[in-house]
2 protein chains.
Amino acid sequence: MDVPDWNPRRVAAVEAALPEGVAPPGTRGRILHAGLVLFAETGFHGTSIRAIAQHVGINSATLYAHYPSKEQVLADLVLIGHREMADRLTTAVEALPADAAAQVRLAALVRAHVLLHAEFPLLATVTNGELHALEPALARPALVLRADCRRLLIEVLERGVKDGAFRVADLVLTATAIGAIGMHVASWFGPDQPATGDRVAEVYVDLALRMAGFRDAP
Amino acid sequence: MDVPDWNPRRVAAVEAALPEGVAPPGTRGRILHAGLVLFAETGFHGTSIRAIAQHVGINSATLYAHYPSKEQVLADLVLIGHREMADRLTTAVEALPADAAAQVRLAALVRAHVLLHAEFPLLATVTNGELHALEPALARPALVLRADCRRLLIEVLERGVKDGAFRVADLVLTATAIGAIGMHVASWFGPDQPATGDRVAEVYVDLALRMAGFRDAP
DNA sequence: GTCTATAGCGGGATAGAC
DNA sequence: GTCTATCCCGCTATAGAC
């Protein structure tokens with residue numbers, strides 16, 4: 001029986017990591033880090049300012065010397081998460097030769113997407129799962145980046161269909177489903193898991209190519 | 001630009017429906033209904049007892065004549081959601097002839113899964129997204145049902161591989177990804193959406209068969 | 001920047017009248 | 001079953017000393 005009797009976690013992963021160079025130095029960075037862990041575990045509304053402060057080892061009042069509000073801590077995390085995704089997906093496609101085949105482009109995109117979610121599952125959980133707790137003005141920059149990424153994927157699929165490399169029943173639904181399998185990785189990938197991130201990416205790239213109707217040997 | 005300037009919703013759907021026959025009659029049922037709407041929108045921790053009561057049109061104290069705690073309202077919803085899923089998936093497979101081909105079995109399973117999430121997006125959002133807010137003892141029955149459904153899907157894939165109908169790189173990862181695309185439907189399907197639930201199910205069944213490596217004409 | 005102390009509010013839940 | 005009234009607690013955020 002693989003049903004756990006301990007508290008069901010929202011995220012399987014325990015390591016709480018942020019991409020390199022994005023966390024502010026000193027206490028401010030440690031607050032961001034604590035917010036990452038706690039928001040991922042119990043959500044924005046389930047996490048108190050006091051819990052964040054305790055996790056950092058400071059008084060709750062000290063937090064306000066670094067962030068104007070709890071919401072701003074979340075807003076920073078959500079923006080970092082979306083920026084990292086947009087950067088990686090854009091880079092993955094732009095690193096390819098301009099005449100790269102559609103299946104190569106899709107593979108690069110899905111690989112980057114899956115690896116991102118396997119490498120930063122907590123960040124992805126907060127980024128995707130707690131965005132709704134933000135005021136519209138704070139959420140908007142992230143939503144713009146998300147739309148960019150979505151367009152990137154749709155364009156790759158569209159190009160493949162035009163080239164004859166792909167066959168899809170519905171462009172938007174297929175893109176949505178390919179996005180879904182990558183996002184979902186964040187909820188289960190972790191150290192208790194036998195597969196490495198690279199292996200998961202490899203399998204998921206294969207799945208995405210199948211979903212796009214790519215035939216290696218037609 | 002398709003980035004909304006209104007508050008990003010957690011669920012696109014607005015109709016708040018529970019499966020027939022599962023909601024208790026009278027005030028107790030209306031409380032459950034209000035919990036469904038509010039937990040889906042702002043989460044368990046983001047929803048107050050007073051907000052639930054106001055949504056029903058009763059005093060907050062009256063709620064305790066029907067439920068012992070806010071957590072029990074959530075526990076009932078989570079169990080209802082998981083029971084409905086287990087019932088539908090089991091029925092979908094058992095309704096088939098015993099010698100039905102693997103692709104037929106997988107299609108029935110995915111179709112039922114997608115339609116469930118398209119028909120009850122709020123319930124699915126609460127069921128899957130707020131389960132972590134429950135004490136282990138309250139979450140356990142749902143987790144057992146979830147494990148049953150997972151096994152059902154894996155068995156169908158396994159059988160197809162043995163029959164030669166399917167080719168998969170990794171049984172568990174493929175099952176996980178097929179589950180992910182169905183679950184994800186709850187977050188975007190809604191009345192603003194052009195596709196019908198049936199159409200989405202049709203496309204997603206095709207995607208799942210592709211993911212399983214099924215070849216219509218080998 | 002960090003602390004102690006606290007304001008001011010809203011939370012879950014209960015008591016007891018009707 | 002539903003209400004009014006309230007308890008008690010924890011919440012976000014601020015004031016002001018060091």
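Throughout, a chain's letter reflects where its sequence line sits, starting with A, and its residues are numbered from 1.
Salt bridge present: Arg210(A) and Asp206(A) bring a charged side-chain N and a carboxylate O closer than 4.0 Å. A salt bridge between Glu119(B) and Arg88(B) is present, with a side-chain N of the basic residue lying under 4.0 Å from a carboxylate O of the acidic one.
Residue Arg50(B) places no side-chain atom within donor-acceptor reach of the base of dG10(C), judged by atom type and a 3.5 Å distance cut-off alone.
Not one N or O on the side chain of Arg10(B) forms a donor-acceptor pair closer than 3.5 Å with the backbone of His132(A). The backbone N or O of Glu135(A) lies less than 3.5 Å from a partner atom in the side chain of Glu71(A), making a donor-acceptor pair.
In this structure, Tyr64(B) atom OH and dT14(C) atom C1' are separated by 9 Å, rounded to whole Å. Separating the CZ atom of Arg28(A) from the P atom of dT2(C) is a distance of 13 Å, rounded to the nearest angstrom. Straight-line distance from the CD1 atom of Ile58(A) to the P atom of dC3(C): 7 Å, rounded to whole Å. Atom-to-atom, CG of Asn59(B) to P of dT6(D) comes out at 14 Å; the value is rounded to the nearest Å. dT14(D) atom P lies 10 Å from atom CD1 of Ile49(A), rounded to whole Å. Arg30(A) has its CZ atom 12 Å from the C1' atom of dT2(C), to the nearest Å. Ile52(A) has its CD1 atom 15 Å from the C1' atom of dG10(D), to the nearest Å. Nucleotide dT2(C) holds its C1' atom 17 Å from the CD atom of Gln54(A), rounded to whole Å.
Note on Thr62(B): every side-chain N or O is 4.0 Å or more away from OP1 and OP2 of dG1(D). The side chain of His66(A) contributes an N or O atom lying less than 4.0 Å from OP1 or OP2 of dT2(C). An OP1 or OP2 oxygen of dC11(D) is reached within less than 4.0 angstrom by a side-chain nitrogen or oxygen of Ser48(A). For Thr27(A), a side-chain nitrogen or oxygen approaches OP1 or OP2 of dT2(C) to under 4.0 Å.
With dT2(C), dT2(D), dA13(C) as the choices, the nucleotide that has an atom nearest any side-chain atom of Ala65(A) turns out to be dT2(C).
Under the salt bridge (Lys or Arg N to Asp or Glu O under 4.0 Å) criterion, Asp170(B) pairs with no residue at all, not counting sequence neighbours.
No contact: Leu63(B) has no heavy atom under 4.0 Å from any strand.
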